[in-house]
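Okay, so here's the structure we're looking at.
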Amino acid sequence: MNGLVDGFTKTFGREPEGVWVAPGRINLIGEHTDYNDGFALPMALPRSLTIAAARRPDGLVRPYSLRFPTKDEFSLVGLAPGEVPDGVAYQAGSLWTLLDEGYEIGGLDLLVGSSLPAGSGLSTSAALCCATILAATGLYGEEPEPTEVARMAQRAENDFVGVPCGNLDQSAVMLAERGRALFLDCRSMETEQVPFDLAARGMSLLVVDTRAPRRLAGGAYAQRRRSCAKAAAIVGVRSLREVGAEDLPEVLAELPDESTRARVRHVVTENERVLETVELLRADRPREIGPLFTSSHLSLRDDYEVSVPEVDTAVDAVLSAGALGARITGGGFGGCVIALVENDHVRPCEQMVLAAFAERGFGVPEVFTALPSAGARRLL
Ligand code: GLA
């Protein structure tokens with residue numbers, strides 16, 4: 001944080017009035033279920049994004065970054081989707097949402113620092129939107145509830161940036177707690193903090209950032225979303241959440257093609273896997289969730305078709321080195337793999353991934369362990 005405060009002072013010639021932090025997230029299980037009103041189980045990462053901020057009297061926003069040298073700025077007056085450079089769209093969208101919802105905010109100097117690898121599916125964009133909303137409302141004196149921040153951060157992405165994401169990432173960023181996983185019902189928005197103290201159990205969660213370029217991610221994500229909505233309409237339900245595992249054979253028989261059937265099969269079985277995982281964690285049997293991770297991965301690979309060779313290679317490598325379970329996490333088409341491993345398997349899993357990537361000629365992935373961490377908050 002000191003580097004960020006110094007950077008702010010150097011960049012803007014004055015001290016920041018506050019500093020906020022928002023973590024990245026991984027989703028333990030429940031993938032592509034949020035926009036189907038289903039269940040998910042994310043946790044916050046120890047890696048995060050921080051924003052130092054101070055008010056300005058002139059309605060101008062200077063959203064600079066420690067990592068990127070670009071110096072795009074925008075005015076809050078007449079702010080509208082499509083009219084700011086892409087690099088500042090998330091922050092502009094966050095402030096636009098606040099203004100649109102009647103928050104009285106003004107100009108800002110902002111400096112962003114981050115230990116999150118951008119573009120790796122760890123929700124840097126949700127962290128950026130949440131931190132921006134927290135900074136603006138924290139400084140201008142009207143602080144919304146965390147669930148409201150999450151909702152507005154999602155709206156910024158949906159309505160301003162044009163990304164049709166669900167509410168998983170923003171909820172995780174805002175509501176996650178240390179040592180716990182966040183059980184999220186994306187229909188009612190009810191949450192439950194589920195014990196997930198891996199350190200006390202001699203286990204680790206390994207994250208492999210495959211660094212695979214996220215090819216076609218935006219278009220393919222929107223297309224998956226449309227298939228689910230279309231399937232729900234054919235079956236006559238509001239969302240695929242309404243379809244239980246027991247209804248699946250009957251529902252599949254109503255659908256017109258194999259691809260739509262596969263998408264629905266994934267969503268319905270994935271919701272079941274989240275519920276089973278939560279049951280096991282509540283019963284203090286965390287080791288047993290491993291196989292559910294792996295079946296989730298197979299479902300995402302074969303039925304939802306959001307995996308890529310780098311991701312499958314990482315999953316196979318950690319499983320062959322003794323991981324209890326492994327899966328792709330996040331939207332897919334690249335990004336990260338998570339694996340549940342006993343502590344003494346961490347090194348062998350890491351080595352197996354590095355060797356498998358080298359053998360396939362893929363770029364060097366980053367492998368790290370992560371404990372469930374705290375959600376977004378003010379630091380200073
Ligand atoms: C991305 C989206 C989320 C969610 C996941 C898939 O991370 O931003 O809303 O749909 O993909 O589970």
Side-chain angles (χ1 to χ4, degrees), residues 22-45 49 89-90 93-94 116-130 150-176 181-187 189 191 207 209-210 212 214-229 239-241 263-264 266-271 273-274 277 292-293 296-297 299-301 303-308 311 327-338:
R25 68 94 190 88
I26 51 170
N27 191 15
L28 293 169
I29 196 157
E31 218 67 82
H32 291 278
T33 46
D34 62 346
Y35 52 82
N36 289 301
D37 283 352
F39 302 109
L41 189 71
M43 62 168 235
L45 288 172
L49 177 147
Y90 288 93
S94 304
L116 281 169
S120 54
L122 300 176
S123 288
T124 312
S125 54
L128 182 58
C129 292
C130 291
R151 183 190 59 73
M152 290 191 284
Q154 184 198 1
R155 189 177 163 215
E157 292 208 40
N158 291 168
D159 296 352
F160 193 94
V161 186
V163 175
C165 61
N167 53 19
L168 163 73
D169 305 341
Q170 300 79 3
S171 304
V173 168
M174 289 308 303
L175 305 174
L182 178 75
F183 176 36
L184 201 59
D185 179 334
C186 300
R187 182 174 64 185
M189 288 317 288
T191 59
V207 183
D209 178 2
T210 65
R214 295 181 75 211
R215 302 170 279 258
L216 302 172
Y221 182 93
Q223 194 232 338
R224 297 293 182 286
R225 226 188 137 140
R226 280 196 302 273
S227 303
C228 291
S239 69
L240 292 181
R241 156 67 176 277
R263 306 294 187 247
V264 171
H266 166 71
V267 173
V268 174
T269 58
E270 184 77 351
N271 276 330
R273 283 185 286 270
V274 177
T277 304
L292 292 162
F293 277 23
S296 167
H297 181 70
S299 177
L300 286 156
R301 185 191 70 185
D303 276 349
Y304 221 64
E305 297 183 280
V306 292
S307 193
V308 294
V311 163
R327 59 182 293 274
I328 189 171
T329 186
F333 308 101
C336 291
V337 163
I338 54 169

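When a ligand or atom number is given, it counts from 1 through the structure's own listing order.
Under 4.0 Å from any atom of ligand 1, one finds heavy atoms of residues R25, E31, H32, D34, Y35, C165, G166, L168, D169, Y221, G330, G331.
With no hydrogens or angles considered, a side-chain donor-acceptor pair links S296 and E270 at under 3.5 Å. For T269 and R273, the side-chain atoms include at least one donor-acceptor pair closer than 3.5 Å.
At a threshold of 4.0 Å, the pair R263-E305 counts as salt-bridged, since one of the basic side-chain nitrogens sits closer than that to a carboxylate oxygen.
At distances below 3.5 Å, not a single donor-acceptor pair connects side-chain atoms of T33 with backbone N or O atoms of N271. With hydrogens and angles ignored, the 3.5 Å screen pairs a side-chain donor or acceptor of H266 with a backbone N or O of E31.
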Atom pairs and distances, donor-acceptor, side-chain atoms in residues 328-335, under 3.5 Å, two or more places apart:
from: T329; atom 1: OG1; to: N27; atom 2: N; distance (Å): 3.0
from: T329; atom 1: OG1; to: N27; atom 2: O; distance (Å): 2.8

